[in-house]
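All chains are named by letter (A, B, ...) in the order of the sequence lines, taking the proteins before the strands, and each is independently numbered beginning at 1. Nothing here was measured: the structure is a model prediction, and the numbers come from that model.
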Amino acid sequence: MSDDGGTDVEDVDLYDPYEVGNIGGRAFWADAVADAILASDPDEPIVIKGGVSPSGVPHIGHFNEILRSYFVAEALRDRGHEVRQVFSTDDKDPLRKIPRTLADLDWNVVDFGDESVDSGAVGQNLGKPYTDIPDPFGCCDSYGAHFTELLEQSAELVDVPVEFVSNTDLYADGEFEAITRDLLEHTELARETLSAYQASVGDSYVPFTPQCSECGLLTGQVVDVDVDGSTVEYVCSDMEAGDRTIEGCGHEGTATFREGKLPWRFEWPAQWEILGVDFEPFGKDHAEGSWPSGTDIARNVLGIEPPVPMVYEWFTLNGEALSSSAGNIVTVAEVLDLLEPEVFRYFFTKNPRKQRDFDVTTLDQLVEEFDRFERVFYGAEEPRDEEEAELVERAYPMVTEVADDQPIRIPYTFAAVLGMTDDPELREQMARREGHIPEDATEVEIEAALDRVERARRWAKRTDNEYNYRLAEDLPETDFEAATEAALDELADFVEAGHDGEEIQGEIYEAAKRNDVEVGDFFAAGYELFLDTDQGPRLGPFLAALDEQFVLERLRRED
RNA sequence: GGGCCGAUAGCUCAGUCUGGCAGAGCGACGGCCUCUUAAGCCGUCGGUCAAGGGUUCAAAUCCCUUUCGGCCCGCCA
């Protein structure tokens, strides 16, 4: 049935997040993870969970939660299993600090102080659950709903089907109630278990944080528990949040088990039980902290088996840590302005255990890597070894839909060069001249191939690199020698007589030689006239691709 | 201070699990195409596998120590 062999999972600790996915015998890490999940003997449908707090602008780091899970889900589905990929938006969490940047629903990233942001709505509500804070843009039901909406959009942008689950809803619907009662009945056990991992857990620790009915903050300190009545008595107390203190109002009240939340160390295992989670990937921050305590709590307090775990390394962005507060983020929407979704998805097929830099300046290399990956899949290029052959075979169909014919891909840097003109006809001609579009390509194929031009053009512009060219709209100022001008005139006549790109290329050399102009200088003159710079694409085919009247006028230095 | 993860060519990365000639693409350099000009073809260069030690007939791979980058061990998630 499911097992097509190849991996020896007997010796692997299925609950060591560093070992899962590191199993040998598999070219694609997601298959190794799938092996571990199946070895844990899960019930169908297999539930794969990811999740984050909707605390601010979703960035590429959050895609680990969506795409790592996705590849594992696909590996399992491929072997005939039914899989649900769920994503918990941990929107009951309290807002702990003011974000430096926010984004509206169209992904416009703005500073917190921007006039479009109702900063007061946020600033006055530190310590409240995200779902109890007004949307600073006034468009969604709450702060939490706003950023959850962006998370959902993110998943759609990369075309991954995910079931979103609101933690706030789970509390409101009483899903946590049974576990909360259980924990409050066995507070001593909960306390002892967690204290092995958190030194601060003392005798007064209660694994439930009531939300104050007066001020709405998650600052309730439990002073008494009525298990039969399903309520707690609390005093609204101060809460430490980073380097500041969020002050409680001192109110003394009563809360039900739905009016508050579990501390994260208990909430996470509780989610596993409620949602029946069989697998969950997480960043390395969780691996040393909440994972060990979470497994212990799951087994010894809640009496359940934890899911199979997997650690992924964090990305850096342009060499720096991803940080919403420092403003070093790139949103998915921004990335997809520069890359096709399949290229972005490809990025996540790489080994999750390596620290990786997402470098915008070298995105062309990522695209080139993807193009090769694709060529190998379609048999247009030899795999470097057995391992790569297997990886490509497994991963490519999960990255993008397999077509009957290999898609036409214009090299990314060349696509950026094509961005020098806005004329689609000219783009196509230039691409054809350089052999990037085959003779027999269909309209649909060509259009798809040229899609890359806009993205590559934005990349060249954004990074202002050597591919950031624009066809000079007006005659640039030049200062040519008489001999150069004579050669340009002769070249113009040659073009006017009707010759193809290769012939023009040859004539450039001939015209230069006839007029005693250095060949290099003459090329530079050509680039100056058309691109206002001293180098560029292979000039003959380039001129042949341009509108002839335009070329003639420009070569003759006419306005 | 204790624990954990990572580091391989100028760049992007395979290879480490299971020890067996140090790899790919890009870049650079050289040649070819009547032709130095972002195309194409051919070729070359490029390495203290972070450093040092150990085990072994044999180490990028296993073990120990160290350096650097990051994470956890407070709160929080």
Report task. Would you give a per-nucleotide map of nucleotides 7-16 of chain B, 5' to 3', where B means the base has a protein non-hydrogen atom under 4.0 Å away, S means only the sugar-phosphate does, and - means neither? Result -> S---BBSSSB
Write down the distance between [atom1] ([X]) and [atom2] ([N]), rounded to a whole number of angstrom.
X: A:Tyr205; N: B:G74; atom1: OH; atom2: P; result: 13 Å
X: A:Phe373; N: B:A24; atom1: CZ; atom2: C1'; result: 15 Å
X: A:Tyr197; N: B:C4; atom1: OH; atom2: P; result: 16 Å
X: A:Tyr412; N: B:A39; atom1: OH; atom2: P; result: 17 Å

Query raised in the report: Where the side chain of A:Lys513 is defined as all heavy atoms beyond and including C-beta, which of B:C26, B:C35, B:A77 is the nearest nucleotide?
Result: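 Looking only at heavy atoms from C-beta outward on A:Lys513, the closest nucleotide is B:C35.
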Report task. Could you work out which one of B:A24, B:C5, B:C35 sits closest to the side chain of A:Glu313? Result ->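 The closest nucleotide is B:C5.
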Query raised in the report: Is A:Lys284 side chain donor-acceptor paired with the B:G6 base, going by distance under 3.5 Å alone?
Result: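 By the distance-only test, no, there is no pair.
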Report task. Go through the N and O atoms of the side chain of A:Gln505 and the base of B:C35, and report whether any donor-acceptor pair is under 3.5 Å. Result ->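 In this structure, the two groups form a donor-acceptor pair.
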Query raised in the report: With sequence neighbours left out, what residues match A:Phe347 under ring-ring contact (aromatic ring centres under 6.0 Å, His included)?
Result: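 ring-ring contact (aromatic ring centres under 6.0 Å, His included) list for A:Phe347, sorted by chain: A:Phe315, A:Phe358.
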Base, sugar-phosphate, or nothing: which does [X] touch, judged by heavy atoms less than 4.0 Å apart?
X: A:Tyr467; value: base
X: A:Ala199; value: sugar-phosphate
X: A:Lys92; value: nothing
X: A:Trp314; value: sugar-phosphate
X: A:Glu510; value: base
X: A:Ser200; value: sugar-phosphate
X: A:Gly506; value: nothing

Query raised in the report: On RNA chain B, nearest-nucleotide positions of A:Asp93 versus A:Arg375: which is more 5'?
Result: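 Closest to the 5' end, via its nearest nucleotide, is A:Arg375.
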Requested in this report: Between A:Asp364 and A:Pro94, just flag the one whose closest nucleotide in RNA chain B comes earlier from the 5' side.
Outcome: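 Its nearest nucleotide lies further toward 5', so the answer is A:Asp364.
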Does [X] put a side-chain nitrogen or oxygen below 4.0 Å from OP1 or OP2 of [N]?
X: A:Gln198; N: B:C75; answer: yes
X: A:Lys97; N: B:C76; answer: no
X: A:Arg265; N: B:A77; answer: no

Is there a Watson-Crick or G-U wobble partner for [N] with both distances under 3.5 Å, and if so, which one is it?
N: B:G6; answer: B:C68
N: B:A22; answer: none
N: B:C62; answer: B:G54
N: B:C29; answer: B:G43
N: B:G1; answer: B:C73

Requested in this report: Quick one: list whatever passes side chain to side chain contact (heavy atoms under 4.5 Å, CB included) with A:Gln505, sequence neighbours left out.
Outcome: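 Counting only residues at least two positions away or on another chain, A:Gln505 forms a side chain to side chain contact (heavy atoms under 4.5 Å, CB included) with A:Ile508, A:Tyr509, A:Phe523, A:Arg538, A:Leu539, A:Pro541.
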Requested in this report: Could you tell me if the ring centre of A:Trp291 sits under 6.0 Å from that of A:Tyr15?
Outcome: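 Ring centres of A:Tyr15 and A:Trp291 not closer than 6.0 Å.
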Report task. Give the ring-plane orientation class for A:Tyr378 versus A:Tyr396, where under 30° counts as parallel, over 60° as perpendicular and anything between as tilted. Result ->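 Taking A:Tyr396 first and then A:Tyr378, their aromatic rings stand perpendicular (interplane angle over 60°).
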